[in-house]
Novice: 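The structure follows.
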Amino acid sequence: GANYQRQRRRKYGKIYRTHMFGSPSVAVIGDEYVKKIVLGEGTLVQTRWPSTTRRILGTDGIVNGDLATHCRIKRLALKAFSPKYVGTFAPVIQAGIAAHIKEWLGRGTVPILEMCKQAVSKTMMTVLLGIKSDDPNIQLYIQAADDIINSILSLPLDIPGFGFRRVSHAKDAKTSQRFPTNIIYIHAILKPGLKARELIFDKLETQLKSKFNASDEELFGDNGGEYESVLLNILKLARREGETDIKLRNLQNLSLEFIFAGTQSLQCSCSLVTFHLSQNPKVVERCREEIRTAGLWDIPLTEINVERLQGLKYVEMVAKETLRVTPTIPGAVRVALKTFELGGYQIPRGWQIIYSIRLTHEEAAGKVLQNGGDKQNSPYSFLPFGKGARMCAGKNYGMLYLKVLIFELVRNADISLVGKCKIVEVPMTRTDKSVKI
Ligand code: HEM
């Protein structure tokens with residue numbers, strides 16, 4: 001856990017040797033060293049995601065695609081989420097958050113992680129896949145997203161606390177014998193994820209296949225102002241820019257990657273934002289002041305232009321501060337492409353490198369305290385979304401979601417914790433599922 005890592009950092013410094021799932025690894029902390037790692041993608045290091053991501057997400061997208069595919073799709077994805085196109089999906093986020101907060105207010109007390117999960121997953125399905133929020137099958141897709149995430153994150157390790165152990169210790173009712181573990185892994189752990197993949201692929205095929213063959217006139221024609229989906233926007237961008245190599249399979253893989261990389265990280269971040277607001281009434285009051293001064297206090301969320309929401313700088317600082325103090329993703333993994341030197345140590349080719357986002361933030365906070373805050377920190381000392389070529393593809397989406405959530409919460413609710421708070425720090429930082437607000 002996080003305290004173990006803190007202990008090791010105190011004992012061994014900002015670069016130390018460790019093991020992760022049986023592979024020799026090096027932990028790297030601090031802006032100076034992390035900078036070299038995140039900027040070294042493709043020359044010194046390569047990103048490594050769990051091997052289950054290849055089976056379930058596929059290899060034609062951003063995460064596991066070869067370098068050319070990664071670059072092509074990531075450029076388009078970043079563009080589709082850029083400020084220029086934010087107006088295309090922001091209304092969906094605004095409508096989703098307004099409806100969910102109304103529901104929370106009706107309940108009075110809510111289990112915050114579960115509520116954030118519902119809200120984030122539903123909006124993700126609408127924004128990404130273009131499934132309407134009142135679609136009778138939407139729960140099916142939300143469940144599919146859950147199955148994908150769980151299958152990828154379940155490692156076939158027979159140790160206490162892992163989902164795999166629960167299944168592998170089950171016995172055949174007739175023979176009272178345990179099942180062979182490789183069969184259990186494929187059937188009980190991977191199969192739900194693979195089935196969910198099929199469901200989402202089929203949906204996208206029905207929605208997008210005809211668009212690939214459509215003429216420019218049909219593709220860009222007036223659809224009566226209906227929201228379609230970020231994936232369709234990516235296809236339109238590709239067409240506009242003469243990028244003819246984009247295939248249906250690329251968009252199908254990308255949708256699963258967004259679901260996998262974006263759903264849990266955003267749900268957890270939302271739970272943390274809400275928790276921090278509950279602990280800081282003066283901050284809530286300052287957010288309210290900013291909203292009143294901007295003339296946005298009485299306007300229904302769905303009627304506000306997203307640019308006016310983006311202009312709320314204090315609200316943005318609250319979202320960023322949440323991600324600094326409690327970074328949702330504590331770090332990311334790379335593999336050394338060659339032996340290279342870092343801070344006086346040799347990192348051997350083939351070793352894993354874990355760069356710590358959490359301890360890099362803590363290191364930077366320590367420096368600020370030491371020098372009285374009069375020295376500017378480097379841009380690599382604050383990296384909740386990573387940095388460099390493999391930086392988060394959904395950063396703008398995530399930040400907008402958090403800002404709109406803060407905005408609507410402070411306008412409508414007094415936020416306080418019911419009982420004790422437990423923050424879980426591994427594998428992602430979040431409030432424990434028992435926490436009520
Ligand atoms: C506040 C919420 C979020 C946080 C804190 C977060 C953080 C991160 C981090 C730390 C990485 C890894 C960077 C690295 O390897 O160096 C990452 C990657 C990624 N994220 Fe996010 N993320 C969030 C939301 C989202 C959302 C909403 C989406 C999609 C809509 C998304 C899509 C991705 C993708 C596709 C990658 C892989 C990028 C690549 O390999 O090039 N994330 N994110």
Side-chain angles (χ1 to χ4, degrees), residues 28 34-35 37-42 45-50 53 57-59 61-67 69-78 80-82 86 89 92-93 116 119-121 123-129 145 149 229-231 233-234 250-251 253-273 316 319-320 322-335 352-358 360-361 380 382-406 427-430:
V28 174
V34 165
K35 179 178 176 184
I37 302 299
V38 291
L39 296 187
E41 182 74 18
V45 298
Q46 196 171 37
T47 294
R48 175 181 284 183
W49 288 67
T53 58
L57 306 183
T59 53
I62 292 178
V63 170
N64 290 314
D66 58 35
L67 189 64
T69 310
H70 164 85
C71 292
R72 222 156 17 102
I73 314 281
K74 182 143 183 196
R75 191 183 66 79
L76 291 169
L78 286 172
F81 284 132
S82 69
V86 69
F89 59 86
V92 181
I93 294 183
C116 293
V120 168
S121 305
T123 309
M124 188 74 111
M125 290 301 145
T126 316
V127 171
L128 278 185
L129 310 182
I149 296 165
S229 72
V230 162
L231 292 175
N233 284 346
I234 290 179
N250 296 126
L251 296 187
N253 279 190
L254 183 64
S255 72
L256 300 189
E257 292 176 346
F258 281 161
I259 289 171
F260 172 62
T263 316
Q264 269 197 352
S265 50
L266 192 51
Q267 289 160 5
C268 297
S269 307
C270 290
S271 79
L272 292 165
V273 154
E316 177 170 317
K320 285 186 172 170
T322 298
L323 296 175
R324 184 186 71 79
V325 180
T326 40
T328 320
I329 312 280
V333 181
R334 303 286 189 268
V335 178
Q352 284 186 144
I353 299 156
I354 309 151
Y355 80 80
S356 175
I357 295 175
R358 178 188 292 140
T360 299
H361 288 186
Y380 295 87
F382 175 66
L383 61 170
F385 296 97
K387 282 263 155 79
R390 304 303 294 237
M391 191 184 74
C392 175
K395 178 183 170 202
N396 287 336
Y397 179 96
M399 278 303 292
L400 178 67
Y401 199 98
L402 293 177
K403 282 190 272 180
V404 177
L405 178 69
I406 297 169
M428 273 186 209
T429 320
R430 60 184 191 275

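Both ligands and their constituent atoms are indexed starting at 1 by order of listing.
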Novice: Atom CD of Glu257 and atom CG of Leu128: how far apart are they, to the nearest 0.5 Å?
Specialist: 11.5 Å

Novice: Heavy atom of Tyr355 under 4.0 Å from ligand 1?
Specialist: yes

Novice: Is there a donor-acceptor contact under 3.5 Å from the side chain of Glu41 to the main chain of Thr47?
Specialist: yes

Novice: Do Arg390 side-chain atoms and Val63 backbone N/O form a donor-acceptor pair below 3.5 Å?
Specialist: yes

Novice: Sequence neighbours excluded, which residues qualify as ring pair (Phe, Tyr, Trp, His ring centres under 6.0 Å) partners of Phe385?
Specialist: none

Novice: Listed by chain and number, what are the side chain to side chain contact (heavy atoms under 4.5 Å, CB included) partners of Lys35, not counting sequence neighbours?
Specialist: Leu39, Tyr380

Novice: Can you name the atoms of ligand 1, numbered from 1 with element, that are less than 4.0 Å from a heavy atom of Ile357?
Specialist: 10 (C)

Novice: Tell me whether His361 contacts the main-chain N or O of Leu383 through its side chain, where contact means a donor paired with an acceptor under 3.5 Å.
Specialist: yes

Novice: Quick one: does Thr47 get a heavy atom under 4.0 Å from ligand 1?
Specialist: no

Novice: Output all residues satisfying side-chain hydrogen bond (donor to acceptor under 3.5 Å, both in side chains) with Asn396, sequence neighbours left out; order by chain, then residue number.
Specialist: none

Novice: Closer than 2.8 Å to atom 21 (Fe) of ligand 1, which protein N, O or S atoms?
Specialist: Cys392 SG

Novice: Sub-3.5 Å donor-acceptor pair from the side chain of Lys74 to the main-chain atoms of Ala389, do we have one?
Specialist: yes

Novice: Does ligand 1 have an atom under 4.0 Å from some heavy atom of Met399?
Specialist: no

